[in-house]
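Heads up, the thing below is written out as structure tokens.
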Amino acid sequence: MAELSKAYEPQAVEDRLYAWWLEQRCFEADPQSAKPAYSIVIPPPNVTGVLTLGHVLNNTIQDILARRARMQGHEVLWLPGTDHAGIATQTVVERKLRKEEHKTRHDLGREEFLKRVWEWKEKHGGIIINQLKKLGCSCDWSRERFTMDEAYARRVQEVFVDLFQKGLIYRGVRMVNWCPVSLTALSDEEVIPTPHKGFLYHFKVEVVEEPGTWLEIATTRPETIMGDSGVAVNPKDPRYAHLIGKHVRRPLPLDNRAEIPIVGDEAVDFEFGTGVLKVTPAHDKVDYEIGQRHGLAVIDILNPNGTLNDLAGEEFAGLDRFEAREAAVEKLRELGLLVKEEPHENNVGYSERAGVPIEPRLSEQWFLKYPMTVPARDAVRNQLIRFFPDRWEKVYDHWLENIQDWCISRQLWWGHRIPVWNKDGEVRCQVDSPGEGWVQDSDVLDTWFSSWLWAHDTMDDATRAKFYPTSVLVTGPDIIFFWVARMIMAGLEYMGEVPFRHVYFTGIIRDKQGKKMSKSLGNSPDPLDLIAKVGADGLRFGIIRIAPQGQDIRYDEQQIVEGRNFCNKFWNACRFRQIQGEIDPAADPSQHELSLFAQDLLAKLDATIRRIDTAYDEYRFSEVAQALYDFVWGDFCDRFIEAAKADFQNPARREGTLATIDYVIGRVLRLLHPYAPFITEELWHELGYGTGSIQFAEWPQVHGWAADARAEAAFDAAAQARNLRATYNLPSNKRLRWLLQPSEPWVAAETGVLSVLLNAEAIEIVTERPAGSVASCPTQIGLLLLPLEGIIDPESEKTRLAGEIKKVEVEIKKVQGKLSSESFVNGAPAEVVAEHRVREAGWKSRLEALRDAVASLG
RNA sequence: GCGCGAUUAGCUCAGUGGUAGAGCGCCUGCUUCACACGCAGGAAGUCGCAGGUUCGAACCCUGUAUCGCGCACCA
């Protein structure tokens, strides 16, 4: 085999291996397989989307789960795809049309416009999919789905028809959230309450029946005065109760200063503002309800795009709603009706997609009364579905308790068209046209009305039989209502079974300022740039290592660089092994005499496997990464391999040490594979561990190797000796002669290893400390001595030792303080007390050794 | 207003009752024959604050502050 390069070069490896995996059809799930099923459906990214770090985190986690499941002998399906993102995609294409052809979609007509959207989708829709491939995702691309696929789209419409027939879908005139930019209704979930600094405008109106009596009204939206059809006060409010039933004169518009009634309504909070509420039933949800209760007129003064219409009067017609606000205030001022304007902060609902304030608007829409809300709630309450972290269960539960009907119609062209047909006033709900002359409802369905079927309708019958319910869903908590909850309802309604057993909610990746990363903010680095820089494995490992379970993370590129460094570290450990000679992929350390270091390393490998498996059980991915990092970098490279450099020279130990390394590398490769698929696959082949893909190699098991505490003691002694050396500013490349007075017989056999660890010229075993100037450090394996003749002044060693003694005395005081407390000795468990006694003895013997050292310096 | 989360070293974060941890950054020294994407060593924290429980609290309880998120309200 060729020698490995000096540094791991991901770009030389990744595309080649990914192509090979596809060629080998490694990712394709077989519904006929006898293996137990493990399945995940991808949260479909928007077809307009580009990969963000959020996607990287989310999809890396799914890939980790998929790859580990394959290694554990499961038949794995990771089903990928994209959703059609109604508003976003239509907006993108419309913008392009405007820019390139100066046309609107209406210029083209519905059919031609949709043709353009499909063209756009064919051309650009694959971007995010290719990015997922670059990341190494092991999705079954033969099953890639799109929410507008013919079969899937038909199912969406069938579900509409079914729910309609069950009486759960209805059409009605309601107050909805209207987006004046996208020109469509939105669901409540798509409205983001956003703090907004504005003004509370106070103006006065005169009571018609009592000339000279004025009522003061506070409002944030003076531009809607023209749509007011009443004024409301709380009937319990002594200031105003007597006015109920009388009228006020509406100040605007000037050409229609109507008399509007004063009504009494409990909804009015008399603490707020002046306690007098102007009622605009056409443009406010609460006002609409008040209006309904009191039979007030609905005066719609707004056009769909947010400009005012003729009902607003000629001085306002045509103005944008925010220009109209200024104009209305100005007019009130001119009329002398404006009392004051005071700064006021309130929450304004913004459109999630278009980023503008939504407009409450009365319109006719389709609504869904959700099915299966109670079973969906119970499924999580009863742990049929488990959430990780489980705190999201409460959020989910609360939403379902207070669930409102879902506005599912959208005034768009791109999407699943509502399967309702009209002819001469007759209405039919069915997927296919009833025949000539029937006109289909022009609206389409909310994108989420299609993606709530994603967990089951992306699968054909055979696939579904094997892989539904899926094992786990990995997604962000920001779509717990949009998608997770709705999918549970759809699964229960249409499959009679929950869609997944576990839901893992990732954290949200934020930038340095703590802001959420998003495409629109443009604050997410391009993952492809990062991959080019550190490799897909480095990016994956780096991002997962800093993402604790379900906690938001602050992104720092340095963390990603660490991922690369780790990959390179392990690469070089393998390279070092390769330089020593032929690797035995089937090495069995138990067939060899093992050094205490080898024995202990194997026990640490066991402990690492245990730590990793436990962490996986709780979806603690950063813990898995940390366990790998600690074992590979610390136990394996820093300690074992350094010690092995001596043992390779020792014929009695060489074979056992090599076998141990071969064994450990074989297992680390597999443990690391889910996190770093490329480098592990490459090394698996390059080092001769196998010819098939590592992703089907058996997941490592705990073997039961016995630990050897002597190894720790030796490494710890080496660390202390290095510290001593550094204290005297002796550079690490200066090879010194050391003496060692061993505390136990075995220690003498390890001077070779210790010499390497200390970069010592020699370590000489002595039975007593020599006379003269010697620096010393007491360790568990004995007294390490550094003759200082000509190197350092004995007085400074005395000073150093005095410092050490002081530290030890503090520790002894701490332990003795506890042990001398009767309540501690009697109250604490026996083993804790015993442990403190051992600690005390340890410190005391160290103190003694240090005092001896001082004494010996004279 | 209700709920959730966070608060530990300069930074990013682990740590659920028994000697405060990691990585980065910083300082010092090293081109030691795998790796400078590296090696060795070091400095650095009254664990947000105040009470309480306990022999013992970063950890459990109560309160409180600050930041963030969600829900409700928002004239």
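Each chain gets a letter, A, B and so on, in the order its sequence line appears, and its residues count up from 1.
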Worksheet entry | Qualifying residues under side-chain contact (heavy atoms from CB on, under 4.5 Å), relative to A:E189, sequence neighbours excluded | A:S187, A:W399, A:F481, A:F482, A:R486
Discussion item. Nearest to the side chain of A:R575, heavy atoms from C-beta on, is which of B:C35, B:C37, B:C55?
Written reply: B:C35
Discussion item. Rounded to whole Å, please give me the gap between CG in A:D269 and P in B:G1.
Written reply: 14 Å
Discussion item. Is it the case that the side chain of A:R221 and the backbone of A:E223 share a donor-acceptor pair, with hydrogens and angles ignored and the cut-off at 3.5 Å?
Written reply: no
Practice prompt. Take atom CG of A:N402 and atom P of B:C2, then tell me their distance rounded to the nearest Å.
Written response: 16 Å
Response to the item:
Separation of B:C73 atom P from A:D287 atom CG, nearest Å, is 14 Å
Worksheet item: In whole angstroms, how far is the C1' atom of B:C73 from the CG atom of A:L277?
Response: 14 Å
Quick one: which protein N/O atoms are closer than 3.5 Å to N/O atoms of nucleotides 17-21 of chain B? Pair and distance per line, please.
from	atom 1	to	atom 2	distance (Å)
B:U19	O4'	A:R839	NH1	3.0

Item to complete: Can you tell me, in whole Å, how much space there is between the P of B:G41 and that of B:G21?
Response: 16 Å
Worksheet item: Looking only at atom P, what distance separates B:C73 and B:G15, rounded to whole Å?
Response: 37 Å
Response to the item:
Side-chain atoms of A:R725 come closest, of B:C71, B:G23, B:A40, to B:A40
Worksheet item: Is it the case that A:S732 and A:K734 place a side-chain donor and acceptor less than 3.5 Å from each other?
Response: no
Determine all donor-acceptor pairs shorter than 3.5 Å in which one atom belongs to a side chain in residues 537-548 of chain A; sequence neighbours excluded.
from	atom 1	to	atom 2	distance (Å)
A:D537	OD1	A:F678	N	3.2
A:D537	OD2	A:F678	N	3.3
A:D537	OD2	A:I679	N	2.7
A:R540	NE	A:Y675	O	3.1
A:R540	NH1	A:D63	OD2	2.8
A:R540	NH1	A:L135	O	3.0
A:R540	NH2	A:D63	OD2	2.9
A:R540	NH2	A:P674	O	2.7
A:R545	NH1	A:Q626	OE1	3.2

Practice prompt. Could you tell me whether A:L200 contacts a base, only the sugar-phosphate backbone, or nothing, with contacts defined as non-hydrogen atoms closer than 4.0 Å?
Written response: sugar-phosphate
Worksheet item: Who passes side-chain contact (heavy atoms from CB on, under 4.5 Å) against A:A775, sequence neighbours left out?
Response: A:L724, A:Y728, A:L786, A:L788, A:E797
Response to the item:
Per atom distances to the A:N572 side chain, the nearest of B:G23, B:C35, B:C73 is B:C35
Worksheet item: B:G3 phosphate, OP1 or OP2: any side-chain N/O from A:K394 under 4.0 angstrom?
Response: no
Practice prompt. Return the set of residues passing salt bridge (Lys or Arg N to Asp or Glu O under 4.0 Å) with A:R722 (not counting sequence neighbours), or none when no residue passes.
Written response: none
Fill in: Contacts of A:E401 that satisfy salt bridge (Lys or Arg N to Asp or Glu O under 4.0 Å) - sequence neighbours left out
A:R377, A:R381
Worksheet entry | Pairwise P distance for B:C2 and B:U8, with rounding to whole Å | 26 Å
Practice prompt. State yes or no: are the ring centers of A:Y504 and A:F621 separated by less than 6.0 Å?
Written response: yes
Practice prompt. Could you state the atom-to-atom distance from CG of A:N568 to P of B:G38 in whole Å?
Written response: 7 Å
Item to complete: Sticking with atom P, work out how far B:C27 lies from B:G10, rounded to a whole angstrom.
Response: 16 Å
Worksheet entry | Any A:N565 side-chain N or O less than 4.0 Å from OP1/OP2 of B:G38 | yes
Polar pairs (N or O, both sides) under 3.5 Å between protein and nucleotides 10-14 of chain B?
from	atom 1	to	atom 2	distance (Å)
B:C13	OP1	A:R554	N	3.3

Worksheet item: Would you find a donor on one side and an acceptor on the other, under 3.5 Å apart, between the side chain of A:N826 and the backbone of A:E822?
Response: yes
Discussion item. I'd like the C1' distance from B:A36 over to B:U19, given in whole Å.
Written reply: 35 Å
Worksheet item: Between A:A719 and A:Q626, who's closer to the 5' end of RNA chain B by nearest nucleotide?
Response: A:Q626
Worksheet item: Starting at NZ of A:K285 and ending at C1' of B:C73, how long is that distance when rounded to a whole Å?
Response: 13 Å
Practice prompt. Sequence neighbours left out, what passes salt bridge (Lys or Arg N to Asp or Glu O under 4.0 Å) with A:E804? Give chain and number order.
Written response: A:K807, A:R846
Worksheet entry | Close approaches to RNA chain B from residues 635-648 of chain A, in residue order (heavy atom, under 4.0 Å) | A:C637, A:D638, A:I641, A:E642, A:K645
Worksheet item: Do the side-chain N or O atoms of A:W633 get closer than 4.0 angstrom to the phosphate oxygens (OP1, OP2) of B:A34?
Response: no
Item to complete: Measure from the side-chain heavy atoms of A:N346 and tell me the nearest of B:G38, B:U32, B:C74.
Response: B:C74
Worksheet entry | A:D228 (side chain) donor-acceptor with A:G230 (main chain) under 3.5 angstrom | no
Worksheet item: Do any side-chain nitrogens or oxygens of A:R722 fall under 4.0 Å of OP1 or OP2 in B:G41?
Response: yes
Worksheet entry | Between B:C26 and B:C33 - C1' atom distance, rounded Å | 31 Å
Practice prompt. Please answer whether the main-chain N or O of A:Y8 pairs with a side-chain N or O of A:N568 as donor and acceptor at a distance below 3.5 Å.
Written response: yes
Contact list (N/O, under 3.5 angstrom) for nucleotides 26-30 of chain B vs protein:
from	atom 1	to	atom 2	distance (Å)
B:G29	N2	A:S732	OG	3.4
B:C30	O3'	A:N733	ND2	3.4

Worksheet item: Has A:K569 got a side-chain N or O lying under 4.0 Å from the OP1 or OP2 atom of B:C39?
Response: yes
Worksheet item: Do the rings of A:F636 and A:F640 sit parallel, tilted or perpendicular, given the 30° and 60° boundaries?
Response: parallel
Worksheet item: Which value, in whole Å, describes the distance between the C1' atoms of nucleotides B:C71 and B:C61?
Response: 27 Å
Worksheet item: Considering only side-chain heavy atoms of A:A726, which listed nucleotide, B:G5, B:U32, B:G41, is closest?
Response: B:G41
Item to complete: Can you tell me the distance, in whole Å, between the CD1 atom of A:I480 and the P atom of B:G3?
Response: 18 Å
Worksheet item: Listed by chain and number, what are the side-chain contact (heavy atoms from CB on, under 4.5 Å) partners of A:N347, not counting sequence neighbours?
Response: A:P193, A:P195
Fill in: OP1 or OP2 of B:A40 under 4.0 Å from side-chain N/O of A:N723
no
Item to complete: Ignoring hydrogens and angles, tell me if any N or O in the side chain of A:T280 forms a donor-acceptor pair with the backbone of A:A282 under 3.5 Å.
Response: no
Worksheet item: side-chain contact (heavy atoms from CB on, under 4.5 Å) with A:I192: which residues, sequence neighbours excluded?
Response: A:T194, A:E352
Item to complete: Write down the distance separating the P atoms in B:C59 and B:A20, rounded off to the nearest Å.
Response: 14 Å
Worksheet item: What is the distance from CD of A:E393 to P of B:G70, rounded to the nearest Å?
Response: 20 Å
Discussion item. Looking only at side-chain N and O atoms, does A:N234 offer a donor or acceptor that is under 3.5 Å from a partner on A:D269?
Written reply: no
